[in-house]
Amino acid sequence: MGSYDHKKIEKKWRKHWEETNAYVTTPSSSKPKHYALDMFPYPSALGLHTGHVEGYAATDIYSRFKRMKGFNVLHPMGWDAFGLPAENYAIKTNTPPRETTNKAIDNFRNQIQRLGLSYDWSREIGTHNPDYYKWTQWLFLFLFENGLAEKRMGKVNWCPTDQTVLANEQTVSESGEKGVCVRCGTKIIQRELSQWFFKITDFADALIDDLNDVDWPESTKINQRNWIGKKEGVIVTHKVKGMDLSLDTFSAYPAWLFADTYIVLAPEHPAVKNLVEGTEAEIDVEAFVKRMQEVTTIDRTNATMEKEGIFTGRVAVDSLTGKEFPIWIANFALMDFGTGIIRCSSHDIRDLTFAKKYGIPLSEVVERESPDMPVDAHANKGVLKDSGPFTGRTINNELIQEIIAWIESNGYGHTQTTYRLRDWLISRQRYWGAPIPVVYDPEGKAHGIPKEHLPWLLPEDVEYLPKGTSPLGTSKELLERTEKIFGKGWKPEIDTMDTFVCSSWYFLRFADPHNEIEFASKEALKTWLPVDLYMGGAEHTVLHLMYARFITKALQKFGYIEFGEPFSKLRHQGMILAEDGTKMSKSKGNVINPDEISELYGADTLRIYEMFMGPLEAMKPWSTKNIIGSRRFLERVWRVQEKVSQGATLSASADATLQQTIKKVAEDIELLSLNTAVSQMMICVNAFEKEEKIPTESYESMLLVLAPFAPHMTEELWGALGHTSSIHQENWPVFDESKLEKNEVVMAVQVGGKVKGTIVIPRGATEEEVVGLVRKDIKLGEVVPQNPSRTIFVPNRVLNFIP
RNA sequence: GCCGGAGUGGUGGAAUGGUAUACACGCACGACUCAAAAUCGUGUCUCGCAAGGGAUGAGGGUUCGAGUCCCUCCUCCGGCACCA
């Protein structure tokens with residue numbers, strides 16, 4: 001036996017696994033399936049970081065364990081390859097994004113392969129490849145044909161300097177300033193452009209309800225529910241005095257409706273023009289609206305923004321009371337929520353502040369609790385006054401239902417549910433994405449491109465530099481292609497799709513990645529889906545997961561798949577921080593490169609260290625100092641092989657530790673409690689070190705348990721024991737129940753709940769036996785009371801004397 | 001502001017309501033060595049010579065027994081936030 005040479009060993013087995021296609025998966029009729037998936041990475045030029053390693057190592061351990069437990073495991077990897085960094089780089093250097101992206105992918109793949117991850121590389125996909133985005137385009141057409149995709153006006157963030165559209169995340173500067181172009185710092189404006197939307201709002205209720213059926217972190221479910229923001233309330237109709245116009249408001253707190261004294265419209269509300277046309281207020285209101293529209297939604301949704309408004313000169317009649325409400329326009333009313341018109345009262349801090357600023361009269365329907373502040377309606381508590389037929393009633397659910405019924409029966413309004421969730425705007429005025437498969441006839445009507453023309457290729461003769469329209473508009477080839485196929489005067493759509501579209505269905509493609517006639521065959525989908533374990537960072541909890549769920553539900557609705565939730569079980573790996581406890585960042589120079597670590601200590605050590613650092617989902621600081629512990633652990637496992645001897649026997653105590661290790665590591669892997677699994681294996685090897693000789697079978701059991709964590713080293717040691725087949729094809733060892741527990745246990749002896757000492761007893765001793773032993777014990781015999789009022793006995797754990 | 005999560009040794013962290021501090025890092029001392037490294041051994045929450053006390057962010061409560069359950073508060077982290 002030589003020393004543990006990780007470089008030689010890891011290289012050798014990586015090559016062997018690759019040559020023998022060790023992890024290529026084919027469907028099996030005899031084994032149950034398991035689909036373990038990592039969120040596929042964006043192949044950044046910066047390469048793999050420690051956070052990737054953490055998640056990938058965890059799912060790899062899980063996958064290897066499941067294989068040993070008799071499952072047929074699908075464990076694929078691919079690339080979320082479209083996106084902005086490659087395009088920005090292209091703008092700077094005029095290098096085609098495909099070139100830089102493929103280079104980054106090669107680098108990423110190399111880095112990932114060095115970690116000994118058991119991916120089935122025959123299923124590798126990249127969203128930027130035509131044989132993949134063909135099906136992204138198919139998906140678009142599927143939604144279009146079924147009324148779930150439509151083109152309409154939408155707001156975009158626009159940088160006047162760069163002449164380009166920006167995604168929301170590109171409107172925050174590096175220093176954290178909001179509402180500016182990330183590239184040039186220019187204040188961004190909003191423009192109305194005709195945009196494609198996916199109607200995710202059609203599925204709002206299912207997206208909330210079906211969260212009950214999946215095993216996801218509770219906080220992630222809550223984030224999803226909050227994002228959808230379902231709210232039930234009541235729409236009240238108001239006639240505008242002196243006009244043939246009525247205004248509908250949305251209220252989520254119907255019990256407080258009698259307190260309202262004024263109405264506010266969003267500046268962009270279409271009724272604004274009607275209200276002021278030809279009146280004295282017209283000029284001022286128009287100026288106000290114009291000024292407000294220059295402010296971006298990002299600024300508008302900043303809670304600290306000064307509330308501003310203007311009176312229209314009009315009043316509306318409250319159908320509930322007949323009172324007249326002045327009609328205002330104000331920047332805090334959002335066209336996006338409810339009806340874009342609000343009834344306002346003193347019971348809302350924002351409405352109250354606004355009314356005070358402009359001297360609008362107020363009234364209250366619940367007695368104040370403190371003299372200087374009206375009660376907040378959000379509490380939904382109190383006794384009503386001045387509330388018509390409901391005066392004197394206490395606010396509770398029954399009363400709210402009664403008020404709603406009263407409003408409906410009198411024809412004043414009706415109930416309505418609103419959602420915060422908006423339709424998904426998928427148009428991007430950018431180059432490096434999947435082209436939207438649409439052409440426009442000479443009248444400008446949109447037509448889906450017939451499927452025989454898919455993939456609708458991304459043109460290459462484009463100007464990357466932004467010029468105010470989408471880069472695809474500069475392609476001669478695209479225009480010629482369109483006219484050649486569809487006729488003179490036809491024009492191609494020149495926007496591309498949000499990259500979230502590409503990543504919203506990739507988990508389906510892995511089931512059947514080379515299928516040329518379907519996005520995946522029905523059999524393949526039935527075999528593998530849904531995903532049994534999905535692992536990824538918590539930063540994608542809202543958007544990616546929501547979109548993937550939406551696409552799944554849409555496909556289910558039209559019979560393409562048979563399940564409604566794509567990811568049965570979801571877990572997040574926590575962020576790995578730099579040694580100083582701050583985020584790793586290139587600019588701070590505190591980034592740990594996994595390559596250097598695995599070069600120095602080995603991939604097996606890196607995997608074990610990252611699992612041992614702490615709970616998978618926790619945020620943890622990196623510590624280069626601590627890695628040595630994981631390395632030493634593997635070296636001990638290596639060295640212990642010297643003690644292996646055919647026909648030896650293990651001491652009962654060491655054997656119990658081994659049996660416990662087999663049991664506990666299996667349980668911990670199932671729970672993804674990998675830090676405690678590693679610590680149990682350390683306990684096991686520590687126990688082995690104290691033995692003179694170790695039976696071959698015992699050592700083999702320990703290697704099998706360690707195999708998912710340290711695949712290279714265990715493979716080498718397995719071979720050294722004379723095995724000719726891979727350790728990774730072996731079954732998980734079975735523990736011996738009869739040897740699991742030691743015969744003697746140390747039990748705590750308490751008086752009044754305080755520990756006074758411990759006593760060694762035979763396992764399973766009865767209360768009488770233990771009391772007898774305690775009385776005979778020289779030290780404890782004196783401490784415990786002679787006549788306790790009672791004793792509490794927990795077998796093998798605690799004996800508590802209550803004086 | 002709202003919704004989550006978390007506060008345990010010098011450090012990362014462990015603990016079905018049942019011996020708090022497992023496992024590891026670091027540190028100290030010892031063995032081996034001419035020496036060092038590596039390795040091995042011993043010790044390492046705190047006060048105390050000891051016997052004994054006291055400690056899981058703070059304070060209360062439930063319980064024979066609380067890091068764990070309940071209440072009040074503090075701090076940190078994450079997400080959402082003019083949502084009617």
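Within every chain, numbering begins at 1; the chains are lettered A, B, ... in the order of the sequence lines, protein sequences first and strands thereafter.
- Applying the side-chain hydrogen bond (donor to acceptor under 3.5 Å, both in side chains) test to A:R420 and every residue at least two apart in sequence or in another chain returns nothing.
- Note that the SG atom of A:C684 and the CD atom of A:E689 stand 11.0 Å from one another [nearest 0.5 Å].
- Heavy atoms of A:N686 sit under 4.0 angstrom from primed sugar atoms or phosphate atoms, though from no base atom.
- Atom P of nucleotide B:rG1 and atom CZ of A:F332 are separated by 21 Å, given to the nearest angstrom.
- Across B:rC82 and B:rG78, the matching C1' atoms stand 22 Å from one another, rounded to whole Å.
- Base contact: A:T758 has a heavy atom under 4.0 Å from a base atom.
- Contact annotation for A:I792: base contact, defined as any heavy-atom pair under 4.0 Å involving a base atom.
- Set against B:rG12, B:rC82, B:rC3, the side chain of A:F612 has B:rG12 as its closest nucleotide.
- The ring-ring contact (aromatic ring centres under 6.0 Å, His included) search around A:F793 returns none, not counting sequence neighbours.
- Atom C1' of nucleotide B:rA37 and atom CD of A:E635 are separated by 13 Å, given to the nearest angstrom.
- With its glycosidic angle within 90° of 0, B:rG9 is assigned syn.
- Across B:rU44 and B:rG5, the matching P atoms stand 37 Å from one another, rounded to whole Å.
- Annotation: of the two residues near RNA chain B, A:G338 and A:W227, the 5′-most nearest-nucleotide partner is A:W227.
- Listed here is the closest heavy atom pair of A:N800 and A:G753: OD1-N, 3.0 Å.
- Judged by the 6.0 Å and 45° rule, A:R549 forms a cation-pi pair with A:W216.
- Between the side chain of A:K307 and the base of B:rC82 there is at least one donor-acceptor pair of N/O atoms closer than 3.5 Å.
- Closest contact between the side chain of A:K620 and the listed nucleotides B:rG13, B:rA24, B:rU19 involves B:rG13.
- In this entry the distance linking CG of A:N626 with C1' of B:rG13 reads 10 Å, nearest Å.
- One atom, CD of A:E610, and another, C1' of B:rA24, lie 16 Å apart when rounded to the nearest Å.
- The residue A:Y253 sits close only to the backbone: its heavy atoms come under 4.0 Å of sugar-phosphate atoms, none of a base.
- Using N1 to N3 plus N6-O4 or O6-N4 for Watson-Crick, or N1-O2 and O6-N3 for G-U wobble, each under 3.5 Å, B:rG7 pairs with B:rC74.
- The side chain of A:P615 approaches B:rG13 more closely than any other nucleotide in the set B:rC40, B:rG18, B:rG13.
- The partner of B:rG1 is B:rC80, by the rule that a Watson-Crick or G-U pair needs both atom distances under 3.5 Å.
- You'll find the ring centres of A:W622 and A:Y609 inside the 6.0 Å limit.
- Rounded to whole Å, the separation between the P atoms of B:rU39 and B:rA6 comes to 37 Å.
- Within a heavy-atom distance below 4.0 Å of RNA chain B, the residues of residues 675-684 of chain A found are A:N675, A:T676, A:S679, A:M682, A:I683.
- Residue A:V264 is out of contact with every strand shown, counting any heavy-atom pair closer than 4.0 Å.
- Nucleotide B:rU68 forms a pair with no other nucleotide shown, judged by Watson-Crick or G-U wobble geometry with both contacts under 3.5 Å.
- Nucleic acid contact class of A:I627 (heavy atoms, under 4.0 Å, all strands): none.
- Between A:R636 and B:rC40 there is a side-chain polar atom (N or O) within less than 4.0 angstrom of OP1 or OP2.
- Remark: the separation of the P atoms in B:rA38 and B:rC47 is 30 Å, to the nearest Å.
- Using C1' as the reference atom, B:rC73 and B:rC25 are 35 Å apart when rounded to the nearest Å.
- Nearest nucleotide to the A:R350 side chain, out of B:rC25, B:rG54, B:rC82: B:rC82.
- For B:rA81, the OP1/OP2 oxygens have a side-chain nitrogen or oxygen of A:R420 closer than 4.0 Å.
- Distance from the side chain of A:V755 is smallest for B:rU19 among the nucleotides B:rG26, B:rU19, B:rC83.
- For the pair A:M292 CE and B:rC82 C1', the interatomic distance rounds to 13 Å; values are reported in whole Å.
- Using modelled atom types, one finds no donor on one side chain facing an acceptor on the other under 3.5 Å when comparing A:Y262 with A:D351.
- Rounded to an integer number of Å, the gap from A:R790 CZ to B:rU63 C1' is 9 Å.
- Nearest to the side-chain atoms of A:R639 among the listed nucleotides B:rC40, B:rG78, B:rC25 stands B:rC40.
- Per the geometry, NZ belonging to A:K583 stands 12 Å off P belonging to B:rC77, to the nearest Å.
- The nucleotide B:rA35 finds no pairing partner, because no Watson-Crick or G-U wobble arrangement with both distances shorter than 3.5 Å includes it.
- In this structure, the CG atom of A:N223 is 17 Å from the P atom of B:rC2, given to the nearest Å.
- In terms of phosphate contacts, A:K756 brings a side-chain nitrogen or oxygen within less than 4.0 Å of OP1 or OP2 of B:rG53.
- Between the NZ atom in A:K357 and the OG1 atom in A:T353 there is a gap of 10.0 Å [rounded to 0.5 Å].
- Summarising the geometry of A:N380 relative to A:A255, their closest heavy-atom pair is OD1-CB, 4.3 Å, with the distance given to 0.1 Å.
- Comparing B:rG12 with B:rG17, their P atoms are spaced 25 Å from each other, to the whole Å.
- Remark: B:rA20 base-pairs with no nucleotide; criterion is Watson-Crick or G-U wobble with both hydrogen-bond distances under 3.5 Å.
- In this structure, OH in A:Y601 is found 15.0 Å from CD1 in A:I608, a value given to the nearest 0.5 Å.
- Evaluation of atom-type donor-acceptor distances gives no pair under 3.5 Å for the side chain of A:E218 against the base of B:rG4.
- Comparing A:E689 and A:Y419 along RNA chain B, the residue whose closest nucleotide (by nearest heavy atom) sits nearer the 5' end is A:E689.
- Distance alone, capped at 3.5 Å, is enough to place a donor-acceptor pair between the A:T312 side chain and the A:I327 backbone.
- Contact check, A:R632 against B:rU39: a side-chain N or O comes under 4.0 Å of OP1 or OP2.
- As rounded to the nearest Å, B:rG7 and B:rU68 have C1' atoms that lie 14 Å from one another.
- B:rG41 is paired with B:rC29 under the criterion used here, namely a Watson-Crick or G-U wobble arrangement in which both key atom distances are under 3.5 Å.
- Residue-level contact check: A:G752 touches the backbone only, with heavy atoms under 4.0 Å from sugar-phosphate atoms and none from bases.
- In this model, a donor atom of one side chain and an acceptor atom of the other lie less than 3.5 Å apart for A:E579 and A:T624.
- You'll find that the side chain of A:R797 is closest to B:rU19, out of B:rU19, B:rC3, B:rC83.
- Considering only the side chain of A:N800, B:rC64 comes nearest among B:rG78, B:rC83, B:rC64.
- Only the C1' atoms considered, B:rC27 is 25 Å distant from B:rA15, to the nearest whole Å.
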